[in-house]
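Just below is one structure, and these are the notes that go with it.
Each ligand, and each atom within it, is numbered from 1 in the order the structure gives.
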Amino acid sequence: MSDRANQLISDILRRIHAAIVENDVTYDEYQTAKQWFIDVGEAGEWPLFGDVYIEHVVEEQAFGNRAGSQGTILGPFHLPDAPLLEPPFELPHRPDETGDRTRVSGRVTDVDGRPLAGANLDIWQADAQGRYSGFMPGPPEGNLRGQIRTDADGRYEFTTVIPGPYTIPLDGPTGRMTAAASWSPWRPAHVHLIVSAEGYEPLVTQLFIDSSDYLDNDVASAVKPELIVHPEPTGDGEYAITYDFALAPARTPAMA
Ligand code: BEZ
Ligand code: FE
């Protein structure tokens with residue numbers, strides 16, 4: 001076993017053992033926990049559990065001090081290879097898609113404000129009822145998912161609908177654990193993006209809608225104040241969100 005694995009596994013086990021002692025965990029509770037581990041595996045919810053309760057600390061540890069725009073968790077609902085859209089960019093949606101229409105626009109630059117032409121924005125979001133295509137019943141495959149590129153001045157613009165807040169699945173073991181602890185299962189309304197450009201660190205982030213409930217009580221602990229946006233009414237029943245992204249230079253790989 002590597003020194004790193006030895007160190008990490010020993011530390012995690014030591015902390016679990018300490019929690020058992022400090023909380024006087026009973027045999028019944030241990031058997032319940034064991035069954036819950038089995039249930040999480042059988043339900044295929046380990047990725048969900050990790051992204052809800054662990055990923056935010058990994059993200060902050062990995063990128064908290066990075067120059068440029070703030071990132072936050074990826075979560076379990078990204079699908080690779082969303083279609084590259086044609087301008088004028090509009091996320092694919094149903095003809096009768098409900099929700100407030102909004103334009104989202106801004107610039108992608110380096111940390112010195114130089115525009116990044118041809119940067120890629122991979123975008124995915126829930127619909128107005130808080131449902132992700134490909135994971136939840138309702139929206140058709142590919143709904144509200146797509147990739148777009150910045151223009152020669154580093155500008156981007158796309159239209160979409162304002163997403164709704166949503167709960168993590170309530171009927172599985174992660175939701176049952178959340179209820180057992182009397183915690184809220186809600187995530188506030190947000191749009192996910194991965195902003196990338198050659199020679200720069202990809203930015204995995206989310207833009208949170210300022211009027212959403214649960215901004216201060218996100219089950220996934222992923223909200224950062226810098227990522228809260230205000231949809232400005234444009235006077236025609238629609239909205240406009242502006243947000244600029246600054247990308248940090250790619251890290252040089254450590255020497256072997
Ligand atoms: C999400 O943002 O889509 C998400 C993140 C963590 C857990 C569940 C969903
Ligand atoms: Fe999400």
Using side chain to side chain donor-acceptor pair (under 3.5 Å) as the criterion, list what pairs up with H192, not counting sequence neighbours. Y132, H190

Given a cut-off of 2.8 Å, the protein N, O or S atoms lying below it from the Fe ion (ligand 2) are Y132 OH, Y166 OH, H190 NE2, H192 NE2

Crowding at CD, Q7 (>12 non-hydrogen neighbours, <6.0 Å): no

Can you establish whether the number of heavy atoms outside E141 located under 6.0 Å from its atom CD is more than 12?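 Check fails, neighbour count at 12 or below.
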
Is there a donor-acceptor contact under 3.5 Å linking the side chains of [X] and [Y]?
| X | Y | answer |
| --- | --- | --- |
| Y53 | T174 | no |
| D236 | T234 | yes |
| Q35 | D39 | yes |

Could you list the donor-acceptor pairs under 3.5 angstrom formed between side-chain atoms of residues 71-83 and any protein atom two or more places apart in sequence or on another chain?
{"residue": "T72", "atom": "OG1", "partner": "A222", "partner atom": "O", "Å": "2.7"}
{"residue": "H78", "atom": "NE2", "partner": "D122", "partner atom": "OD2", "Å": "2.9"}

Quick one: do D151 and R155 make a salt bridge, cutoff under 4.0 Å?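 So D151 does not pair with R155 through a salt bridge.
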
Does E45 pair with R176 as a salt bridge, N-O distance under 4.0 Å?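 Looking at R176 together with E45, the answer is no, because their closest N to O distance does not fall below 4.0 Å.
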
Between the protein and ligand 1, are there any N or O atom pairs that come within less than 3.5 Å of each other, and if so, what are their names and distances?
{"residue": "ligand 1", "atom": "2 (O)", "partner": "Y166", "partner atom": "OH", "Å": "3.0"}
{"residue": "ligand 1", "atom": "2 (O)", "partner": "R187", "partner atom": "NH1", "Å": "2.4"}
{"residue": "ligand 1", "atom": "2 (O)", "partner": "H190", "partner atom": "NE2", "Å": "3.2"}
{"residue": "ligand 1", "atom": "2 (O)", "partner": "H192", "partner atom": "NE2", "Å": "3.0"}
{"residue": "ligand 1", "atom": "3 (O)", "partner": "Y132", "partner atom": "OH", "Å": "3.3"}
{"residue": "ligand 1", "atom": "3 (O)", "partner": "Y166", "partner atom": "OH", "Å": "2.5"}
{"residue": "ligand 1", "atom": "3 (O)", "partner": "H192", "partner atom": "NE2", "Å": "3.2"}

